[in-house]
Every structure is written in structure tokens, then in C-alpha cells.
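Throughout, protein chains are lettered first and strands after them, A, B, ... in sequence-line order, and every chain is numbered starting at 1.
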Amino acid sequence: MNPLSVSLRQALLQVLNVLVIISSALVMWKGLSMWTNTESPIVVVLTTSMEPAFGRGDLLFLAKPTTEFQVGDIVVYALEGREIPIVHRVLNVHTLLDGDVKQYLLTKGDNNGTPDHALYGEHQPGKLWITTDEVVGKVYGYAPYVGYLTIAMADFPQLKVVLLGALGLFALLTRE
Amino acid sequence: MHNLWSRVNIRLRFCDLLTPTHVPVVGPAGTKDPYGNLLAPLALSLNVSSATLVRRSRAAQYKYQSYFHAPAVFAALQFDATADLRSLFQWNTKQVYAMVTVAYQAPGFPTNKITVWDTIITNIDDARLMVANAENKYAITDVQYRDAARFNGLAVTARLEWCVHTYVGATRCAAMPDELAAKFTLPANVGERVSYRGDRGGVGANKV
């Protein structure tokens, strides 16, 4: 049978199938976000500042704990003015007795020589600690190299178009 | 049972039943050997030999790289530490991050913990940690850094802690038992140095 001679009904059915797949993927992602209590439960490491523990392209699994952060935890935090969050280790922790801010944290990348004061002060001069609100999540585990595809897609946008095009073609031309 | 694949399949099915109890697991406080015995790091010791409260100065700022603010007082420690972390190096261990932390309580801040020294061990040959007369790598300053009297006579606890990072999977951290932690008191005034080693070269601070 000629694969191009599909009826309108079948074409609409295929489109609907694709939409169901996309929306269920979204639902799973949002569900995972809710379960881990963080907006980005899975992130990719972009820099070498945490070598040798995490290298470029490693996938990190995050969750935001309800208890306090401990010294030695690896956290992902987002600073105002920086679009990309940073993955570094917590060096110092100071817990407050009361108030909105629960903890003051000082972080440092394993591969860096000094703590992150320079990073904090880039857009907020005089900032010496991060607070728990700026922390996206704590790293609970990781998978090596899996995220390299994301980095490749960022460096070569043509790859994104090619992949999406291939996926779209595959979705439209397969038959149940 | 007529071909190689079905024979291999049957062997693997038996292996499935046997593996769970025979695989070493990287546990929270160390590792378990194949027989389920907990192997914690051996020969753990941490002795703080002296503590000094250093007044704010350009030299102190440069030493501890605190270019972004000028704390009124820095605490400088000297310590010896040993740890045999070889048992943490199992099949899935990528690196061990060992650190010495100092914990104390202060008015308004019930828990404070500062990492003063750290090291990364990537293979089992370097896993026998032995440092003597080490100084703290990172600045020991309080969050209320403008208060010069913050550290006067403060009781602190120094601990050796470690985190095991795996090739794939979860990260696990643990600390030395409390009885081995070094508990001592910082000098009473800024500019003073207290030596915890007795005249006879004793083991250093381990009691308040």
C-alpha cells in the first residue's frame, strides 16, 4: 500500500497520537518536579568546575530536601542575573534561629581554587552567601555522559532541527 | 537445551537468584563486604594542635582569599589527621572527598559548620590519608564577620568527614564517630594562640 494515501481520519489520528505522547511526557516531567520539590529535577553539567566528580555532559538528579542542607552536599543554585544555574559543593552552612531565610550557604566548585564569592558578587556586589531560596536542588545521584546530547544540541542548533525533523517524520509515517 | 543461547539463558536465570546477597554495597557509613560486614574507614583520628585568633589584616585576607569582605577575625588552626579510606574504594567508587569541618553554636545561629580543609582522592593508592601540622585551607570566619569578639572562647567541634562519589548512582556522605571528634575551645581574645599539645607533646585537643 502506498504509505502516502492515508485518509484524513487516519492523519488526524496520527496527529492526536503524537499530541498524547507529548502531553504525557510533559505530565511525567511536571509530576517528577512535584515529587522532587524542585523545578528542574534533571540537569546537565556544563562546566568542568566539579571535576573529577562531575564532568561536562553528566546528568544530575536533583531534589529539594525539606530538611536543612549539610556541608558536603552538592547543590545547584541560580543567581539573579545568571541564566545558567551553577553546580557546586556546599562548604559552609549557617542556620538561622528564625526569619524567612533558613540557612546561609557558601559554595565552591571542587576544581576551583576559591569559594564562590566572585560568582555571587558578579551581579550583586557584596553578596557573600547564598540562601536556600536560591538553591534549585541538591544532587542525589548522577549518570555519566548521558547529557552530552543536550550540550551537542546547544552547540550545534542544526542538530536540534535534524532530530526534531526525524522524530516528526517517524511519528507521522509509522502505522499502529 | 538445543542451542547455546538457551543454555546461557538458563545459567543467567540461576545467577539472578544468587546475586543480591553477594554484591558489595556502598553504604552510608562505609561499605559492606560480600558477607554483609560493615567496613568503615579505619585509623580515624583528628587532633587539633593549636588555634589562633588572627586579627583582620591584609596578609590574612590574602592568605584566605577573602577579597570580597574584611572579616574582623580569622581563626587559624593547626591539626593532624589520619584516615584509612581504602575500604571506601569499591567497584563503583569514582572519588572520595574528605574534609575537616568545624562546627559551633553562636547567638542567633544555632548551627554553624565550616569546611576548613578538604582533599579529593581518586584512587585507592592515595587513600591512606595522613596529614601533619596542616593549616586550614579556607577562612574560618563567622557569618557575623564584623563582630570581632564572635570567636572569643567559643567551643567548637572539629570532625573528619567524607563523601563517596560513584561512577553512576547516589552520593553518600558520612562522618567520623563523635567520640573521635576534636572538641576544644578557641582562645579567649583576638591575637592569642592556644596550644592544645601538652609540654610532653601530647595528642592535642580532644576535650573541652
Side-chain angles (χ1 to χ4, degrees), chain A residues 50-55 58-63 67-75 89-99 101-122 124-129 131 138-146, chain B residues 26 62 64-71 92-123 137-146 150 159-175:
Chain A
M50 276 302 288
E51 300 240 327
F54 306 135
D58 291 347
L59 211 67
L60 301 176
F61 300 106
L62 307 180
T67 51
E68 298 170 344
F69 291 102
Q70 310 283 337
V71 165
D73 285 351
I74 300 182
V75 296
R89 189 186 297 270
V90 172
L91 227 58
N92 296 356
V93 166
H94 300 274
T95 313
L96 267 92
L97 201 56
D98 50 24
V101 173
K102 300 281 167 42
Q103 289 185 299
Y104 285 122
L105 310 171
L106 177 65
T107 56
K108 173 181 168 289
D110 284 352
N111 214 17
N112 293 346
T114 54
D116 291 343
H117 292 127
L119 280 172
Y120 303 159
E122 216 180 343
Q124 293 165 277
K127 185 179 173 69
L128 298 169
W129 293 275
T131 55
K138 172 185 158 178
V139 175
Y140 277 95
Y142 92 114
Y145 305 122
V146 178
Chain B
V26 178
Y62 287 165
Y64 298 115
Q65 313 248 352
S66 58
Y67 302 117
F68 299 92
H69 60 309
N92 199 15
T93 306
K94 187 176 190 181
Q95 74 171 45
V96 169
Y97 174 85
M99 57 187 157
V100 172
T101 60
V102 154
Y104 60 90
Q105 291 183 315
F109 295 85
T111 48
N112 301 274
K113 205 172 200 189
I114 297 179
T115 302
V116 302
W117 183 91
D118 61 12
T119 185
I120 290 175
I121 303 164
T122 44
N123 72 66
K137 261 184 178 178
Y138 307 116
I140 307 177
T141 59
D142 189 41
V143 59
Q144 310 267 40
Y145 59 93
R146 293 201 178 95
R150 198 76 169 165
R159 261 183 209 97
L160 183 66
E161 306 187 27
W162 56 89
C163 288
V164 178
H165 293 284
T166 51
Y167 282 111
V168 60
T171 304
R172 292 175 179 87
C173 297

| request: Decide side chain to side chain contact (heavy atoms under 4.5 Å, CB included) for B:T115 and A:K108; before the verdict, give the C-alpha distance in whole Å, the side-chain angles of both, and the deciding distance to 0.1 Å. | output: CA-CA 11 Å; B:T115 302; A:K108 173 181 168 289; over 6 Å; no

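When the candidates B:M99, B:K94, B:K137 are compared by the number of heavy-atom contacts under 4.5 Å with chain A, B:K94 comes out ahead. Contact count versus chain B (heavy atoms, under 4.5 Å) is highest, among A:H117, A:R89, A:K127, A:Q70, for A:R89. Heavy-atom pairs under 4.5 Å with chain A were tallied for B:V168, B:V102, B:I114; the largest tally goes to B:I114. Heavy-atom pairs under 4.5 Å with chain A were tallied for B:T101, B:N112, B:D118, B:T171; the largest tally goes to B:N112. The greatest number of non-hydrogen atom pairs below 4.5 Å with chain B, out of A:A118, A:P115, A:G121, A:A143, is found for A:A118.
Residues meeting the ring pair (Phe, Tyr, Trp, His ring centres under 6.0 Å) test with B:Y138, sequence neighbours left out: none. Remark: A:Q124 pairs with no residue by the side chain to side chain donor-acceptor pair (under 3.5 Å) rule, at least two apart or across chains.
Contact of B:I120 with chain A is made through the side chain alone, with heavy-atom distances under 4.5 Å. For B:Y97, the part lying under 4.5 angstrom from a heavy atom of chain A is the side chain only. Of the atoms belonging to B:Y145, it is side-chain heavy atoms, and not backbone ones, that fall under 4.5 Å from chain A. Residue contact with chain B, scored on non-hydrogen atoms closer than 4.5 Å, involves the side chain of A:I74 exclusively. The contact between A:L128 and chain B is made entirely by side chain atoms (from C-beta outward), counting heavy-atom distances below 4.5 Å. B:K113 touches chain A through backbone and side chain together, each having a heavy atom under 4.5 Å away. Looking at B:T122, the atoms closer than 4.5 Å to chain A (heavy atoms on both sides) all sit in the side chain, from C-beta outward.
Rounded to the nearest 0.5 Å, atoms CZ (A:F54) and NE2 (B:H165) are 6.0 Å apart. With rounding to the nearest 0.5 angstrom, the CD atom of B:Q65 is 6.0 Å from the OG1 atom of A:T114.
You'll find the side chain of B:F109 reaches within 4.5 Å of the side chain of A:Y104, heavy atoms only. B:T111 is not listed as a side-chain neighbour of A:Q103, based on a closest heavy-atom distance of 4.5 Å or more.
Closest of all the heavy-atom pairs between A:G72 and B:C173 is O-SG, 4.4 Å.
Atom OH of B:Y67 is surrounded by more than 12 heavy atoms from other residues, nucleotides or ligands within 6.0 Å.
The backbone N or O of B:G169 lies less than 3.5 Å from no partner atom in the side chain of A:Y140, so there is not a single donor-acceptor pair.
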